[in-house]
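Values reported hereafter were calculated over all heavy atoms of this structure, with side chains retained and with hydrogens, waters and symmetry mates removed. Because the structure is a prediction, the values reported are computed rather than measured. The residues of the chain are indexed from 1 along the displayed sequence.
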Amino acid sequence: GMDAGGFGGFGGFGRRGGRSAGGMKIGDGFIQLRKSVDLANWEFAGWVFDSIPAAAQEWIKGIKGRPVNTTRAPFVCEYDGKVRLYYTLASPGFGPAFIGLAEAKSVYGPWEDKGCVIQSDFDSEAVAADPSIVEYDGKMYMYYGTSASGVYCVELNTETGLLKKAEDRGVCIAKGVEAAEVIYNEDNEFFYLFCSSGNSRNEYNVRVGRSKTPVGPFTDSQGKGVTGNSLPEVITPYAFDKHVGWIGTGHATVFQNKR
């Protein structure tokens with residue numbers, strides 16, 4: 001996740017970062033915070049959590065799932081003077097998953113876990129992972145989902161940051177892709193869906209489509225490519241001659257720097 005304010009520069013929230021970064025011994029990651037003034041050089045600035053959020057672990061274990069030892073896919077946004085951080089706790093493979101919300105008065109914390117936004121069990125069509133938030137016309141939308149389920153869009157309560165309707169899971173807007181990041185361009189009034197497809201260990205890529213509505217259909221600039229893998233690629237793994245190259249270039253964060 002990325003935040004362009006509150007740091008005196010830019011802030012990045014990430015899943016991993018070394019077994020003892022900042023003097024804290026970790027498992028696979030409790031969401032690391034780094035800051036930068038140029039988007040190239042990053043300085044460690046702390047952790048969001050000092051342990052896996054209890055509500056998320058308990059819910060997954062309660063339905064006989066096995067939560068992994070990492071929170072991942074953070075998305076950060078500001079609302080009414082507060083900083084909101086959405087995170088994922090998942091299970092191996094396609095097991096139960098949980099999107100939670102934490103809030104703070106500053107990007108540096110301290111963070112208060114607000115609990116569950118949405119969850120998915122073994123039989124859910126929509127997988128509760130990889131959240132992204134967009135505000136538009138007085139409403140707030142969350143995009144989420146993995147390639148196993150496709151990307152879904154559901155409306156949130158703007159005041160709480162949680163679901164507007166408790167049992168709502170939203171509508172599927174793209175199949176075969178995941179890691180959605182959506183921005184709204186006020187100049188041309190298009191929503192842009194950045195998403196990823198492929199194996200994250202090799203051909204993972206970033207694709208983009210656009211739509212005049214928050215729930216699609218998302219297409220390319222010629223109105224083609226209704227869903228997922230038919231959308232044009234923005235970036236994909238590659239290698240120069242005599243170079244090992246780059247793999248897994250997916251799950252992008254997109255932000256607008258308005259300063």
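- Listed here is the closest heavy atom pair of Gly209 and Leu231: CA-CD2, 3.9 Å.
- Cluster annotation: Leu89 is not connected to Phe122 through the hydrophobic network of ILVMFWY side chains, with a link wherever side-chain heavy atoms come within less than 4.5 Å.
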Criterion side-chain contact (heavy atoms from CB on, under 4.5 Å) on Ile118 and Arg169, from CA distance to verdict: CA-CA 8 Å; Ile118 197 169; Arg169 293 299 177 264; 3.3 Å; yes
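- With rounding to the nearest 0.5 angstrom, the CZ atom of Arg66 is 11.5 Å from the NZ atom of Lys61.
- Nearest heavy-atom pair, Ala128 versus Thr88, reported as atom, atom and distance to 0.1 Å: O-CG2, 3.9 Å.
- In this structure, Glu125 places its CD atom where only 12 or fewer heavy-atom neighbours from other residues, nucleotides or ligands lie under 6.0 Å away.
- Connection of Tyr204 to Val177 is not established within any shared hydrophobic cluster, with ILVMFWY side chains joined at heavy-atom distances below 4.5 Å, either directly or through further cluster members.
- Val127 and Tyr144 fall into different hydrophobic clusters, where Ile, Leu, Val, Met, Phe, Trp and Tyr residues are linked whenever their side-chain heavy atoms come under 4.5 Å apart, directly or through other members.
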side-chain hydrogen bond (donor to acceptor under 3.5 Å, both in side chains) between Tyr143 and Glu181, intermediate numbers included: CA-CA 7 Å; Tyr143 299 83; Glu181 186 95 351; over 6 Å; no
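- Cation-pi contact between Arg34 and Phe44: absent, since separation from the ring centre below 6.0 Å together with deviation from the ring axis within 45° is not met.
- For Lys82, the NZ atom sits in a packed shell: over 12 heavy atoms of surrounding residues, nucleotides or ligands are nearer than 6.0 Å.
- For the pair Ser36 (side chain) and Asp38 (backbone), a donor-acceptor distance under 3.5 Å is present.
- A salt bridge links Lys114 and Glu112; the closest N-O separation between the charged side-chain nitrogens and carboxylate oxygens is under 4.0 Å.
- Checking each of Asn157, Val134, Ile133 against Met140 for a side chain to side chain contact (heavy atoms under 4.5 Å, CB included) leaves exactly one that passes, namely Ile133.
- Of the possible polar contacts, none joining the Ser149 side chain to the Ala126 backbone as a donor-acceptor pair under 3.5 Å is found.
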Stepwise side-chain contact (heavy atoms from CB on, under 4.5 Å) check, Ser197 with Arg207: CA-CA 8 Å; Ser197 65; Arg207 299 172 181 269; 3.1 Å; yes
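- Closest approach of Cys153 to Val215, counting heavy atoms only: SG-CG1, 3.9 Å.
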Verdict with reasoning, Phe194 to Ile183, per side-chain contact (heavy atoms from CB on, under 4.5 Å): CA-CA 8 Å; Phe194 295 83; Ile183 62 172; 4.2 Å; yes
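- Checking side-chain atoms of Glu178 against main-chain N and O of Ser147 turns up a donor-acceptor pair under 3.5 Å.
- Nearest heavy atom pair, residue Trp111 against residue Ser106, reads CZ2-O, 4.0 Å.
- Under the 30°/60° scheme for interplanar angles, the aromatic rings of Trp59 and Phe98 are found to be tilted.
- The side-chain heavy atoms of Asp130 and Arg72, taken from C-beta on, include a pair separated by under 4.5 Å.
- Shortest non-hydrogen contact noted between Ser211 and Gly216 is OG-CA, 3.2 Å.
- Aromatic ring centroids of Phe218 and Tyr192 lie 6.0 Å or more apart.
- Using a 4.5 Å heavy-atom threshold, the side chains of Phe49 and Tyr87 count as touching.
- Partner Leu101 forms a side chain to side chain contact (heavy atoms under 4.5 Å, CB included) with one of Leu85, Asp113, Leu162 and no other, that one being Leu162.
- Atom OG of residue Ser51 and atom CD of residue Gln57 lie 7.5 Å apart, to the nearest 0.5 angstrom.
- Taking each heavy atom of Val151 and Ala180 in turn, the nearest pair found is CG1-CB, 3.7 Å.
- Here Ile173 contributes atom CD1 and Leu193 contributes atom CG; the two are 5.0 Å apart, rounded to the nearest 0.5 Å.
- A side-chain donor-acceptor contact under 3.5 Å links Ser196 to the backbone of Asn205.
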Decide yes or no on side-chain contact (heavy atoms from CB on, under 4.5 Å) for Tyr79 and Glu103, but give the supporting numbers first. CA-CA 10 Å; Tyr79 182 80; Glu103 288 187 344; over 6 Å; no
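- For the pair Lys212 and Phe191, the cation-pi criterion (under 6.0 Å, within 45° of the ring axis) is not fulfilled.
- Through side-chain heavy atoms spaced under 4.5 Å, either directly or across other Ile, Leu, Val, Met, Phe, Trp or Tyr residues, Tyr238 is tied to Phe240, Trp246.
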